[in-house]
Amino acid sequence: MIDGILKRQPDFDNNLLKILNGGRPDRATIFELFFSGKHINYLSQIECPGNTPTDQLRVTISAMTSAGYDHAACYASQITFKGMERERNKTMSLNGHSIIYDYESFEKYIWPDMSEQDYSRLEKIKPYLPEGMKLIVLGPGGVIENAMKLVGYDNLCFMLYEEPDLVKEIFDNIGSRLVEYYENAAGADTVGAIASNDDWGFNTQTFLSPEDMRKYVFPWHKRIVEAAHKHGKPALLHSCGYYNDIIGDIINDMQYDGRHSYEDNITPVEQAYEDLNGKIAILGGIDINFLATRSPSEVYERCRLMLERTWDRGGYALGSGNSIADYIPIENYVAMIRSAHEFSR
């Protein structure tokens, strides 16, 4: 029991899966993909028993079970696209230190070997996964995120005009590996869904023009969704930034089942739900600035009203607009999930 939150039995199929299929869950459902260590430690009922990925996943499962989630988010393997570390202060540079800047550096880059990926944690975690709970598999960043990590944002924009064939090869090397990663993950019976996490834009526009996104980025996302659907699993998109010009692509071309990440200064989740309900599931959306700066009672009331707005129509799970960052007060996070636990109609 966490600060008045009564334990409830996970039931992925009758709650989150129903939402992803556009329906109404059996009870008000909470959703999250990313937590700070502070919040995981607060929620978890166990200490990490070791240093293996399975040990670390056990802590995440304990935390998400104690908070009343029907799922636990995880990575399926240790895959990473190695680049030079970006500079981080209060914000993070999208340019950083590029590692691929021409064909010579591209040829020297060592891409992750997919034959060496170990997905065994998805099987090893079975004894520790509560009945009714499923995993949602995250990726090691997304298609365009990893391209910007390796090339740098400014460099990528120049490269689109100077060496478009090289841009395509970079995206193809990233995208093909992500498709294989998700297909392997989606086949595990512990996995209920996959989440493709790939930020696509600023507050007012996409990182690349919609035409270039459709040429280099979206075809790989379409194949990621197909890999999930091939195994009968839904695919979620976690993507920050402006989406109005590409929402039709997300729904009709890529055919994602749910979308996560909303900001009040782009499109408040209340408006997003009115715009998109019946077309794609809306996940989370309570702005993290709101969660970080308002009182617990204000957080509780906005969440309650969002559940009231969506309950009869379905297709919504309550959660943050992006992540449970370390600067979000514990009491505000608890107010959000308590609103779902106490909601009834």
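Everything numeric here is computed off the predicted structure, so don't read it as measured data.
Comment: E298 does not engage R302 in a salt bridge, judged by the lack of any side-chain N to carboxylate O separation of less than 4.0 angstrom. Looking at D189 and K126, a side-chain N of the basic residue comes within less than 4.0 Å of a carboxylate O on the acidic one, giving a salt bridge. A salt bridge is defined here as a Lys NZ or Arg NE, NH1 or NH2 lying under 4.0 Å from an Asp or Glu carboxylate O, and E183 with R223 fails to meet this definition. Under the 4.0 Å criterion applied to side-chain N and carboxylate O atoms, K108 and E104 are assigned as salt-bridge partners. Taking the charged nitrogens against the carboxylate oxygens, K124 and D55 have no contact shorter than 4.0 Å, which rules out a salt bridge. Checked for salt-bridge contact, R313 and E274 meet the test: a charged N lies under 4.0 Å from a carboxylate O.
Looking only at side-chain heavy atoms (C-beta outward), D198 and H221 come within less than 4.5 Å of each other. A 4.5 Å side-chain heavy-atom check between W111 and L150 finds at least one atom pair inside the cut-off. Contact check for I247 versus D275: no side-chain heavy atoms found under the 4.5 Å cut-off. Within the 4.5 Å cutoff, the side chain of T267 has heavy atoms near those of the Y243 side chain. By the 4.5 Å heavy-atom criterion applied to side chains, Y75 and L135 are not counted as neighbours.
Atom CZ of F106 is surrounded by more than 12 heavy atoms from other residues, nucleotides or ligands within 6.0 Å. At most 12 heavy atoms of other shown residues, nucleotides or ligands fall within 6.0 angstrom of atom NZ in K215. The neighbour count for N51 CG, taken as heavy atoms of other residues, nucleotides or ligands under 6.0 Å away, does not exceed 12.
Checked against a 6.0 Å centroid threshold, the rings of W220 and Y182 do not count as neighbours.
A cation-pi arrangement is not found for R309 relative to Y273, the charged atom failing to lie both closer than 6.0 Å to the ring centre and inside a 45° cone about the ring normal. Geometrically, R259 engages Y262 in a cation-pi contact, judged by NZ or CZ lying under 6.0 Å from the ring centre and within 45° of the ring axis.
For the side chain to side chain contact (heavy atoms under 4.5 Å, CB included) test, residues two or more places apart in sequence or in another chain that qualify with E162 are F158.
When all heavy atoms of Y300 and S339 are compared, the closest pair comes out as CE1-CA, 3.5 Å.
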Evaluate ring-ring contact (aromatic ring centres under 6.0 Å, His included) for Y153 paired with F202, printing each intermediate quantity in order.
CA-CA 12 Å; Y153 177 64; F202 303 106; 5.6 Å; yes
Please test L16 against I136 for side-chain contact (heavy atoms from CB on, under 4.5 Å), starting from the C-alpha separation and ending with a verdict.
CA-CA 11 Å; L16 194 51; I136 295 181; 3.8 Å; yes
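Side-chain N or O atoms of S239 include one that pairs as donor or acceptor with a backbone N or O of W200 at under 3.5 Å.
The side chain to side chain donor-acceptor pair (under 3.5 Å) with D70 is formed by just one residue from the set K134, Q9, R27; it is R27.
Note: F31 and H260 have perpendicular aromatic rings, judged against thresholds of 30 and 60 degrees for the angle between ring planes.
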